[in-house]
Student: 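Here it is: the structure, laid out below.
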Amino acid sequence: MIGMTLWERQLHQRGSASALAVAQDCIVVHERHTRLVCLNRHDGSVRWDIPIGTWPRGVVIASDRCLCPAQDSDQLSCVDLMTGSLVWQVGLPRYSGHVVATADAIIVGGWRGYTPMAGFNSDDGRPLWLTQHRTNTVLPLPWGGGVLLGSGTKAWLIDPRDGRELDRWRLPEPLADPDNRPAFTLIDPDRCLALCGPRSLVNIQFSSALADRLFQHDADLTASAAEFTGGVILLRERGAGYVAVNPENGSALWNVGVGQPLAEGVGRDDKGFVIISQGGVLFRLSSDGHVLERSSSAARVIALRDLGAGEVLMITKGTLRMIVIDRSS
C-alpha cells in the first residue's frame, strides 16, 4: 500500500476542494449541507461545529479567522478559528463568489461576472470600496501586497485597501477559467503562472509589464491552475496524465500517463510525487515521472491536497480522509 489512513470523516455530502481550508494545526470543512466544522489536523477530532448555511463558494483561513460565504443567506461570515464564534457578518449581493484575504482586507466578488467586487476591513467587516460595475475575474490571488485578477486576455493588480488598479498585463491568449478554483500559480515573489487557451502556460512577471508564453503543450490541458511542487511545474492533461515543465526555461521534462482520468492535486513524498485517479487508484511516481507503485484507495475521488511531511488529504465523493504516505515502500 502507498499510504496509511490516519483518520476519515463522513461529510454526508459531496466533497469539494473549494469548501475546505487548511491551517497549520486544523482543517475547516463544510459538511452536512449547512455546517462548518473545524477538525484537528492530526487525529480528525472536532474543535468546533457551527451552522453556516448551504454550499459556500469558498472557505478561507486568514491568520486566526475563517471566512465563509453561504449561498442561501448571501452573507459572508467571519469566525474565530480557535472557537468558531462569530466575529462579524456582512450581507453580499446574490450570487457573490470568490473570497480572498490579505493582511488587512477581504476581497469578495467577480465570480462569473455576476457581481461587482468589494473590499471589507478584515477586523470588523466594515466596507472599504465597491466597484461601480459588475466585474468578471478568475479567482484572485494575493501577490506582492496587491491582489491579482484576470479575465480574457487581461490580468491586473489591485490595491486591496481601495480597489484601485496598480498594474496591468496583456496575455497572449485568453485565460482558462477554472470557475471557483485557483487559476494562478505563484512561483516566487516576482513570478506567477496562468494557464491560457487550451495548451499554453503564461509567465506573468511582477517587476515588469512582461507576460509571455513559458510553455506550449502538444495536447489539451485541464482548465486548472498549474501545480508547483518539488521544483517542477505539473500540468494535468485532459486525458489521463501530467506533463512536467522546467520553471526556468519552460522545457518539458517528462510525461506520465496512467490510463485513467485523474483527480486534481499532487502529493509529495521522499521519492517523488503521488497522484490519484478519479476512481481511487493512488500512483506513486519517481522524481522523473516513472510509476513506482499503485494501490486502490477509495472510490470517486474529487481531489488531493498535499499537506507536507508525507501527509495527503483526500477529498472523496462523501468523505475527508487523511493519508500518511509510507516512506518505507
Side-chain angles (χ1 to χ4, degrees), residues 7-41 43-102 105-112 114-128 139-140 142 178-182 302-303 305 307 313-322:
W7 55 262
E8 186 172 20
R9 182 171 178 85
Q10 293 290 328
L11 300 178
H12 303 284
Q13 66 183 31
R14 180 181 172 86
S16 169
S18 62
L20 175 145
V22 178
Q24 184 173 2
D25 64 344
C26 67
I27 297 166
V28 179
V29 61
H30 185 262
E31 62 175 52
R32 289 171 288 155
H33 305 291
T34 61
R35 310 295 294 189
L36 193 67
V37 179
C38 183
L39 307 174
N40 183 299
R41 172 173 162 171
D43 61 12
S45 60
V46 177
R47 176 182 289 179
W48 47 258
D49 180 341
I50 62 172
I52 203 72
T54 60
W55 284 113
R57 294 190 176 94
V59 174
V60 175
I61 291 176
S63 184
D64 60 350
R65 296 181 178 179
C66 181
L67 302 157
C68 182
Q71 287 189 34
D72 59 345
S73 64
D74 295 318
Q75 289 184 319
L76 174 65
S77 300
C78 175
V79 301
D80 185 279
L81 187 59
M82 287 300 298
T83 66
S85 59
L86 184 67
V87 178
W88 52 260
Q89 196 171 58
V90 296
L92 299 173
R94 193 178 184 191
Y95 303 125
S96 290
H98 294 337
V99 177
V100 295
T102 67
I106 311 301
I107 315 302
V108 182
W111 176 62
R112 297 183 178 178
Y114 288 155
T115 66
M117 298 196 70
F120 300 92
N121 186 285
S122 58
D123 291 332
D124 55 14
R126 173 174 48 87
L128 298 175
L139 181 64
D179 200 39
N180 62 344
R181 302 188 309 279
I302 308 299
R305 176 77 66 86
L307 303 185
L313 196 62
M314 183 188 299
I315 306 162
T316 78
K317 183 182 179 183
T319 68
L320 195 62
R321 182 183 297 186
M322 176 69 81

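For reference, positions follow the sequence shown, starting with 1.
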Student: Working to the nearest 0.5 Å, report the span between OG1 of Thr115 and NE2 of His98.
Tutor: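 Answer for the OG1-NE2 pair, Thr115 versus His98, is 8.5 Å.
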Student: Hey, does the side chain of Ser63 reach the backbone of Arg65 with a donor-acceptor pair shorter than 3.5 angstrom?
Tutor: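 Such a contact is absent between Ser63 side chain and Arg65 backbone.
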Student: Can you list everything that forms a salt bridge (charged side-chain N to carboxylate O under 4.0 Å, His left out) with Asp49? Sequence neighbours excluded, please.
Tutor: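 Arg32, Arg35.
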Student: When rounded to the nearest 0.5 angstrom, what is the spacing between CH2 in Trp7 and OG1 in Thr319?
Tutor: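 OG1 of Thr319 is found 9.5 Å from CH2 of Trp7.
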Student: Could you tell me which residues satisfy side-chain contact (heavy atoms from CB on, under 4.5 Å) with Val79, sequence neighbours excluded, listed by chain and number?
Tutor: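 Here the qualifying residues are Trp48, Ile50, Cys66, Leu86.
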Student: Considering non-hydrogen atoms only, spot the tightest contact between Arg181 and Leu139 and give its length.
Tutor: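 Between these two residues, the closest heavy atoms are O-CB, 3.6 Å.
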Student: Mark yes or no for whether Asn40, through its side chain, and Ser45, through its backbone, hold a donor-acceptor pair below 3.5 Å.
Tutor: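 No; zero donor-acceptor contacts below 3.5 Å.
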Student: Are side-chain heavy atoms of Pro69 and Val108 found at a separation under 4.5 Å?
Tutor: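 No, too far: nothing below the 4.5 Å cut-off.
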Student: Minimum heavy-atom separation for Leu81 and Cys26, please, with both atom names.
Tutor: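 So the two residues come closest at CD1-SG, 3.9 Å.
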Student: Backbone N or O of Ser122 within a donor-acceptor pair of the Trp88 side chain at under 3.5 Å?
Tutor: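 Checked: pair present.
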Student: Can you give me the closest heavy-atom contact between Glu8 and Arg321, atom names plus distance?
Tutor: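 Minimum heavy-atom separation between Glu8 and Arg321: OE2-NH2, 3.0 Å.
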Student: Provide the closest heavy-atom pair for Ile302 versus Gly15 in the form atom of the first, atom of the second, distance.
Tutor: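 Here Ile302 and Gly15 meet closest at CG1-O, 3.7 Å.
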Student: Taking the side chain as every heavy atom from C-beta outward, state whether Leu92 and Phe120 have any pair of such atoms under 4.5 Å apart.
Tutor: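 When only atoms from C-beta onward are counted, Phe120 and Leu92 do touch, with a gap below 4.5 Å.
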Student: Is the shortest side-chain heavy-atom distance between Val28 and Leu36 below 4.5 Å?
Tutor: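 In contact.
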Student: At what distance, to the nearest 0.5 angstrom, does CG of Leu39 lie from CZ of Arg9?
Tutor: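 Leu39 CG to Arg9 CZ: 5.5 Å, rounded to 0.5 Å.
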Student: How long is the span from the CD1 atom in Ile27 to the CZ atom in Arg47, to the nearest 0.5 Å?
Tutor: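 So the gap between those two atoms works out to 10.5 Å.
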Student: What's the spacing between Leu11 CG and His30 NE2 if we round to 0.5 Å?
Tutor: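 That separation rounds to 10.5 Å.
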Student: Check whether any side-chain heavy atom of Leu320 sits under 4.5 Å from a side-chain heavy atom of Glu31, and report yes or no.
Tutor: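 When only atoms from C-beta onward are counted, Glu31 and Leu320 do not touch, as no gap falls below 4.5 Å.
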Student: Taking atom CD1 of Ile107 and atom CG of Leu128, what is their separation to the nearest 0.5 Å?
Tutor: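 Between atom CD1 of Ile107 and atom CG of Leu128 there are 7.5 Å.
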Student: Give a yes or no on whether the backbone of Trp111 and the side-chain of Arg57 come within a donor-acceptor separation of less than 3.5 Å.
Tutor: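 No: the side chain of Arg57 does not pair with the backbone of Trp111.
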Student: With under 30° as parallel and over 60° as perpendicular, where do the rings of His33 and Trp55 fit, or are they tilted in between?
Tutor: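 Perpendicular.
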Student: So, for Ile52 and Ala70, which heavy atoms are closest and what is the spacing to 0.1 Å?
Tutor: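 Heavy-atom minimum between the residues: O-CB, 3.2 Å.
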Student: Determine the minimum heavy-atom distance between Val29 and Leu20, stating which atoms define it.
Tutor: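 So the two residues come closest at CG2-CD1, 4.1 Å.
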Student: Counting distance only, does the side-chain N/O of Thr83 pair as donor-acceptor with the main-chain N or O of Ser85 below 3.5 Å?
Tutor: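 Yes, the answer is positive, given that a donor and an acceptor are paired below the 3.5 Å cut-off.
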